[in-house]
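Each remark here refers to the structure printed beneath this line.
The chains referred to below are lettered A, B, ... by the order of the sequence lines, with proteins before strands, and numbering in each begins at 1. Only this structure's heavy atoms are used, side chains among them; waters, hydrogens and symmetry mates stay out.
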Protein chains: 2
Amino acid sequence: MATIRDVAKHAGVSVATVSRVINETGYVHEDTRKKVETAIRELHYTPNEVARSLYKRKSRLIGLLLPDITNPFFPELARGVEDEMQENDFRIIFGNSDENANKEKEYIQTFVQNNVVGVIASTNHPDTDTYRKLGIPVVFLDRTADNRPSVYADGREGGRIAAHEMAARGSRQITVIQGPASIRTALDRYQGAVDMLSSQGIAFNVIQTTSFSFTEAGIWAKELFERYPDTDGVIASNDIVATAVLHEALRLGKKVPEDVQIIGFDDIPLSSLLTPALTTIRQPAYDMGRASAALLIQLLENENIDHRIIQMPVTFTERETTRKVEQYG
Amino acid sequence: MATIRDVAKHAGVSVATVSRVINETGYVHEDTRKKVETAIRELHYTPNEVARSLYKRKSRLIGLLLPDITNPFFPELARGVEDEMQENDFRIIFGNSDENANKEKEYIQTFVQNNVVGVIASTNHPDTDTYRKLGIPVVFLDRTADNRPSVYADGREGGRIAAHEMAARGSRQITVIQGPASIRTALDRYQGAVDMLSSQGIAFNVIQTTSFSFTEAGIWAKELFERYPDTDGVIASNDIVATAVLHEALRLGKKVPEDVQIIGFDDIPLSSLLTPALTTIRQPAYDMGRASAALLIQLLENENIDHRIIQMPVTFTERETTRKVEQYG
DNA sequence: TTGTAAGCGTTATCAG
DNA sequence: CTGATAACGCTTACAA
């Protein structure tokens, strides 16, 4: 790799001058600029970001920490972040935390060691020193914490909507699937659903799950219909579980939505391709990712901006696993 | 952030000594080591990877370039790469190329600018200077090129298997979905299927698609049944398209697999949760990711290893969108 | 308008 | 066993 020295020598100028033309800083004569530019071209020179980063104590790198890219909700988030960052010439160091506090801490640490200028994190522990003492801007994505910068959707409201719509469509033997207790968003959804159901005086059962994994989703679906065979409505903690429930219901010969209605959460891309297509509470994942990146970039330019907490809308996305409301509402 | 100087001062030694204890290189007296270690702990010191990287001209970073993390096949790959890398203390800079040569080149360039020690890339243009002149090890993932290090599955064989199994199960009005012409793996699958069908003297139709996107998949599925309504067997270019085809077939009132059989490709996590569950040609994505990372790490340690091309098995994964072979075979 | 040189935080060489 | 110090490739005062 050619260095700035090589370019300087090749162009017959000093490194300072080369630096000036690269960064468009300070005066440089048109002719020398030309010389330098040809030298750069001829040597295929590109600046070493590491050296830059060392001197300026900041890079063009940001850290992105997500629970598990294998859960289809997160790639959407990631893609949004990446697209926005890419357009602003930032690159991403990426890690999966598996919702594990230790892995999370490790990653954040290496992010810092690599001089990232900011981090976007989807974490259940935003209130730890890991983030508090980070010294660089952090945006919490899909999660939130007191007054810290964050982009998230209102899971509680989503849960409420799901419960309300399901009740409006006539289900009275509802089973709510409670996601992993350690995951904040899962808890919110659950709480929202429970609140709504309670306030409407509708009884319900609960199935507790401990992960969002594809392989285990089927197990819980089975458990659900074994323990509560009369279930005529399922509020799932996300679309993966909802898909498993749908699969199991169909396998048991139940008609969906006639015998049992199902509402998921997230609206992952495959949901609309299921048969019947999944009714769900949509989170605008891609936009959330983009928004979080945009927010981080703002924070990078100006630490003190007003609008640091962005709540995205959660929308009832009616498809085919729920009945038409006219029939019942 | 504390620097090595701070630690040295705090411990009353020179920076050289601190460096020695950090890197466990050279002699250092037990007592001084202790002093240094406490200093490190008290100051919460962690080495600046950027400075290290600058001096050593190599980092603990690798670049990962994937077409689109939003396609459920790639997160599996990415996860495999990440887990293996993480266990070996490497971090990942990540980018989506969208199969776009320009974006790809840009990303690779910034990878290099950030001193990555190696790259893992899923690209359709492995034979360009971008990779040839990179100067650091590259492993091609899910793609391959002459004799360059790579980890991939035999798409052609997969296509053959799909065609063979479908024919063995009685379909005679087969439509093959040809994926984007620019994507090598899609082409291989298609070729394999066509070869097999031709050699068996079975006529078939072709639907050409131009992307793997969820939103467009539905369009092609519609087109398929409009143009070839008598289709009784579909060999799809991947599971996303297969899912869309299944969805459309069901919507049209066709029975699957009785009226039309469907075989996908990849075996993404959701495939087994569809109803009927999708029969597909499985690629061991996660393992491929891990293998590519392991290979890259080997290459990093020793440029000249023998086994640089790893072909992973492709397996016919029989589920419910194909008929039982006994009935027809 | 341009060049010199210090400094970013490390590692490694070479004396001591 | 330990300490100075040059070097990694860049940016930025400061001088010229």
Side-chain donor/acceptor of Ser122(A) to backbone N/O of Leu141(A), under 3.5 Å: yes
Sugar-phosphate only, base, or nothing, as touched by Thr32(B) at under 4.0 Å among non-hydrogen atoms: sugar-phosphate
Under 4.0 angstrom between Tyr27(B) side-chain N/O and dG3(D) OP1 or OP2: no
Integer-rounded Å distance: dC14(D) C1' and Arg20(A) CZ: 11 Å
Length of the line joining Ile4(B):CD1 and dG7(C):P, which is rounded to integer Å: 18 Å
Whole-Å distance separating the CZ atom of Arg5(B) from the P atom of dA4(D): 11 Å
Position toward the 5' end of DNA chain D (nearest nucleotide), Ser14(B) or Ala51(B): Ser14(B)
Any Ser19(A) side-chain N or O less than 4.0 Å from OP1/OP2 of dT12(D): no
Proximity to the side chain of His29(B) - top-ranked nucleotide from dT11(C), dC1(D), dG9(D): dC1(D)
Atom-pair distance (CD on Glu24(B); P on dT11(C)), nearest Å: 12 Å
OP1 or OP2 of dC8(D) under 4.0 Å from side-chain N/O of Thr3(A): no
Rounded interatomic separation in angstrom, taking CZ from Arg52(B) and C1' from dG9(C): 10 Å
Tyr131(A): ring-ring contact (aromatic ring centres under 6.0 Å, His included) partners, not counting sequence neighbours: Phe140(A)
Protein-nucleotide distance (Arg60(B), atom CZ; dT10(C), atom C1'), rounded to Å: 16 Å
Nearest to side-chain heavy atoms of Val15(A), which nucleotide of dG3(C), dT11(C), dA5(C): dA5(C)
First of Arg57(B) and Gly12(B) reached from the 5' end of DNA chain D, by closest nucleotide: Gly12(B)
Atom NZ of Lys103(B): over 12 foreign heavy atoms under 6.0 Å: yes
Salt-bridge criterion met for Glu30(B) and Lys34(B) (N-O under 4.0 Å): yes
The helix from dT1(C)-dA16(D) to dG16(C)-dC1(D): angle between end helix axes, five pairs per end, rounded to 10 degrees: 50°
SB check Arg79(A) Glu84(A) (cutoff 4.0 Å): no
salt_bridge(Asp188(A), Arg184(A)) N-O dist < 4.0 Å: yes
Short side-chain N/O contact to dT10(C) OP1/OP2 from Tyr45(B), under 4.0 Å: yes
Geometric cation-pi criterion, Arg143(A) with Tyr152(A): 6.0 Å, 45°: no
Separation of atom CG in Asn114(B) from atom P in dC10(D), rounded to whole Å: 13 Å
Rounded interatomic separation in angstrom, taking CZ from Arg33(B) and P from dC1(D): 10 Å
Touch class at under 4.0 angstrom, heavy-atom based, for Val50(A) against every strand present: nothing
Of the listed nucleotides dA13(D), dG9(C), dT11(D), the one nearest the side chain of Tyr55(A): dT11(D)
CZ (Arg132(A)) with more than 12 external heavy atoms under 6.0 Å: yes
Short side-chain N/O contact to dC8(C) OP1/OP2 from Asn48(B), under 4.0 Å: no
